[in-house]
Novice: 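Structure below; questions to follow.
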Amino acid sequence: MYQAPRGTSDILPQDQPYWSYIEAVATATCRLYGYQRIDTPIFEDARLFVRSIGEGTDIVEKEMYTFKDRGGDDLTLRPEGTAPVCRAYLEHGLFNVPQPVRLYYLSAIFRYERPQSGRYRQHHQFGYEAIGDPDPAVDAEVIDLAWQFYRTLGLSDLNLQINSIGCKGCRPGYLEKLKEYYTPNIPGLCADCQGRWQRNPLRLLDCKKASCQEAAGSAPKSEECLCQECRTHFDQLKSYLKSLELPFQTNHRLVRGLDYYTRTVFEIQPEEEKAQSTIGGGGRYDDLIEELGGRPTPAIGFATGMERVILNLKKQEVPVPEVPRPTAMVVHTSPHFRDEGLKLAGRLRRQGVPVLTSTGARSLKAQLRQADALGLNHTIIIAEDEWSRGTVILRDMKKAEQKTVTPDELSRFLVEEQVRGTNWTTPIH
Ligand code: HAM
């Protein structure tokens with residue numbers, strides 16, 4: 001038997017209400033803040049990601065799905081959504097429209113990671129980017145949108161952490177200080193961190209291993225090494241977040257796993273689990289567009305893993321709206337009425353009533369049993385005598401009660417039932 005590839009999953013009908021709900025809330029929240037949808041290809045030129053995410057990162061070193069196509073081009077399945085959006089921004093000259101350009105996406109993302117709960121090889125992100133404006137008010141807006149999104153979904157007990165990792169002017173000085181601080185600790189670091197000390201010292205701060213965490217505890221803080229502009233930017237952001245009444249904490253060890261970040265970085269985590277299960281994160285990337293061949297263009301964005309949002313919705317037992325399904329089935333007393341059944345179902349559907357039709361050569365009893373097994377509220381029985389008088393039988397499956405109705409009465413009743421939702425106790429009237 002074939003199975004879905006490791007780290008991927010099928011999204012079965014019973015989970016679809018979560019996906020529809022998250023997409024609906026994401027779309028509605030983006031509209032409130034003026035973000036427009038963008039979709040980019042599932043794969044891109046591999047160099048786009050190497051250039052933007054950074055050679056020394058886990059994603060580029062170990063996690064990209066890169067392949068040669070039949071024409072010999074190196075392509076990579078999208079391992080994140082920011083670089084493709086920046087590529088599209090440049091390719092379509094979006095720098096010519098009023099800035100910032102606000103865009104959002106709902107995309108499948110591919111990373112060759114070790115699968116575990118909340119970590120998959122194919123996951124899905126809701127993300128958004130505000131490109132073309134350095135104002136810390138944009139940072140506040142991007143963080144506020146994320147917070148509103150989770151709150152509207154009904155998630156609580158979340159933790160918002162922010163930090164500033166400086167710009168290309170002040171960061172090198174900070175990295176030097178970090179390396180200096182870590183030098184005597186190198187032998188005690190994990191193998192990964194020993195490599196990071198040389199290639200990517202910022203990432204020493206967020207290693208999850210106990211030995212490395214201890215050393216990170218008293219490491220120099222980036223906030224203390226910011227240049228004047230970065231300091232003012234960070235102070236303004238904090239003051240805006242206070243005005244918005246967002247309950248943030250400054251976490252000096254928050255650095256993020258992609259190299260393109262500058263200044264503001266932020267993450268949102270479930271209260272009791274902390275960094276193990278970040279539900280969403282983002283930050284500023286003021287140099288990325290220039291790095292990709294554009295003019296210097298400040299930008300900031302955020303993304304959240306939809307599977308992780310679902311895990312948290314389930315954990316917090318947040319009720320999600322059902323996806324509407326048929327509550328009635330058209331059945332018949334004889335195969336002779338099959339045609340009439342199809343026509344009646346077609347008419348109801350055109351009136352907006354979801355309805356099933358019975359299939360196969362089942363007896364009426366078997367059709368009713370099937371409707372029962374499907375948990376349907378009603379069956380519409382086409383029977384000889386009633387049909388000859390221009391009526392059908394409407395049967396309440398729960399109460400095992402039935403009455404004769406005209407097609408008009410039938411559609412009125414079913415339309416009203418749609419409006420009421422599935423309510424077993426409502427009597428037929
Ligand atoms: P990221 O932190 O790598 O950022 O991913 C964003 C979110 O995607 C994570 O917080 C997590 O919820 C989810 N996620 C990441 N990897 C996995 C995985 N293997 N399985 C399940 N969920 C996962 C970015 O990708 C940046 N592009 C975000 C951004 C947008 N920064 C600026 N703009």
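The first residue in the sequence is number 1, and the count goes up from there. Both ligands and their constituent atoms are indexed starting at 1 by order of listing.
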Novice: Verify the ring-centre separation between Phe43 and Phe110: is it less than 6.0 angstrom?
Specialist: no

Novice: Salt bridge or not between Lys168 and Glu291? Use side-chain N to carboxylate O under 4.0 Å.
Specialist: no

Novice: Please determine whether a side-chain nitrogen of the Lys or Arg among Glu224 and Lys177 lies less than 4.0 Å from a carboxylate oxygen of the Asp or Glu.
Specialist: no

Novice: Which parts of the protein, at residue level, reach under 4.0 Å of ligand 1 through a heavy atom?
Specialist: Glu80, Thr82, Tyr105, Arg111, Glu113, Gly118, Arg119, Tyr120, His123, Gln125, Glu129, Arg256, Leu258, Tyr260, Tyr261, Thr278, Ile279, Gly280, Gly281, Gly282, Gly283, Tyr285, Gly301, Phe302, Ala303, Gly305, Arg308

Novice: According to side chain to side chain donor-acceptor pair (under 3.5 Å), who are the partners of Lys68, at least two apart in sequence or on a separate chain?
Specialist: Asp74

Novice: Strictly below 4.0 Å, N to O, side chains only: are Asp192 and Lys208 in salt-bridge contact?
Specialist: no

Novice: Once you round to the nearest 0.5 Å, how far does CD1 of Ile162 lie from CG of Asp139?
Specialist: 9.5 Å

